[in-house]
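Position 1 is the first residue of the sequence, and the numbers go up from there. Scope of the values below: all heavy atoms of this structure, side chains included, with no hydrogens, waters or symmetry mates.
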Amino acid sequence: MATIDLSNIADFVANEGHGVKGLSEIGLQKLPKQYIQPIEERITTNTVILDDQIPIIDMSNWDSHNKLVSQKISNAYEKWVYFKTVEKYKHSKENSSTNNVRYGTSFSPKAEKVLEWKDYLSLFYVSDEEAAAHWPCALRDEALEFLRNSEIVMKKLLEALMKGLNVKEIDESVLMGSKRINFNYYPKCPNPELTVGIGRHSDVSTLTILLQDNIGGLYVKKLDSDMWVHVPPIHGALVINIGDALQIISNGRYKSIEHRVMANGNNNRISVPIFVNPKPSDIIGPLKELLESGEEPIYKQVLYSDYVKHFFKKAHDGKDTVDFAKIN
């Protein structure tokens, strides 16, 4: 069995590229101290609601129930922001260049005081040709298929959400001008109760479309509460949530929500989120239709790439990133 210098774990997992998968495979019996989260960052039975549910919306018959589904989506997002859309897709799992292909571990190891128990491969979509040239062949075709199959869901959801704001035409360039797909891997963890798979945060996207396996571990924070709700996997369902970009664009009418992933002591877990984003060069701010109707702007105009850089230069910190765009 391999041995490592436990005082230099960050070098082993990040710089040498072994990740937490490498840690898990050497048979650690005890969680390294670099991964032990402070008590306030752990989920306990005192902070979990057991009898609450995430709304489930069936989109398989969208055309025949367009108006009703649009209303349900708008209402669900305003109340919960997270919900599941039931659709049948073909999906695949599994793992590993340019700046558009990035493997990493934790979230931002250089900025974090405590590491997160996760490895990931992140693929920024430019074109099918660029993906063919640079994305790992082991998962390229499946990743592109998931992106293509999700396109109609993205558009229909955004149309419904814009309708809820009385915005008749959607600007696809700003709302879904770029896309990134991640492959997240959470290996079995010793002492999972002491760490997290992903810490508290909201996404910087417009929408996030998540495919998760059957292990579970995703928790969302109930609005206006310090309580957390588990989002159990449902076969054939995707989990969809609003990100910070749409909160800013909607002038706070739609809110991104904190979520986190717990580590698991018995099973490895895989999840595949698609982040639907503005283009990096886009300026985002409250929609002009909202301001023309008399709303006071809560957020200023910001360059989207600046917002994203601000998010990634620090450790996960709940919803603090959105303050970057707030008008003081």
P286 versus K300, closest heavy-atom pair with distance: CD-O, 4.4 Å
V272 with F124, same ILVMFWY side-chain cluster at under 4.5 Å: no
Basic-acidic side-chain contact under 4.0 Å: E159, K155: no
Option among H259, E40, E258 that satisfies the side chain to side chain donor-acceptor pair (under 3.5 Å) test with R200: E258
Aromatic ring proximity Y120/F107, centre distance under 6.0 Å: no
Minimum side-chain heavy-atom gap V48-I43 below 4.5 Å: yes
Close side-chain approach of L210 to I240, heavy-atom, < 4.5 Å: no
Beyond-backbone contact of Y299 with Q247, side-chain heavy atoms, under 4.5 angstrom: yes
Least distance between heavy atoms, H316 atom then I198 atom: CE1-CG2, 3.5 Å
Contact summary for N149 and I152, nearest pair of heavy atoms: O-CG2, 3.9 Å
ILVMFWY network linking Y125 to Y103, side-chain heavy atoms under 4.5 angstrom: yes
Carboxylate-amine/guanidinium proximity below 4.0 Å for K288 and D171: no
Within-4.5 Å side-chain heavy-atom neighbours: R269 and Q212: yes
Test item: side-chain donor near acceptor, T105 and D119, under 3.5 Å: yes
Test side-chain contact (heavy atoms from CB on, under 4.5 Å) applied to L238 and F146, step by step: CA-CA 11 Å; L238 300 172; F146 185 24; 4.2 Å; yes
Pairwise side-chain contact, V13 with Y35, heavy-atom cut-off 4.5 Å (strictly under): yes
D320/K314 salt bridge by N-O under 4.0 Å criterion: no
Close side-chain approach of L211 to I274, heavy-atom, < 4.5 Å: no
side-chain contact (heavy atoms from CB on, under 4.5 Å) evaluation trace for C189 with T195: CA-CA 9 Å; C189 176; T195 191; 3.7 Å; yes
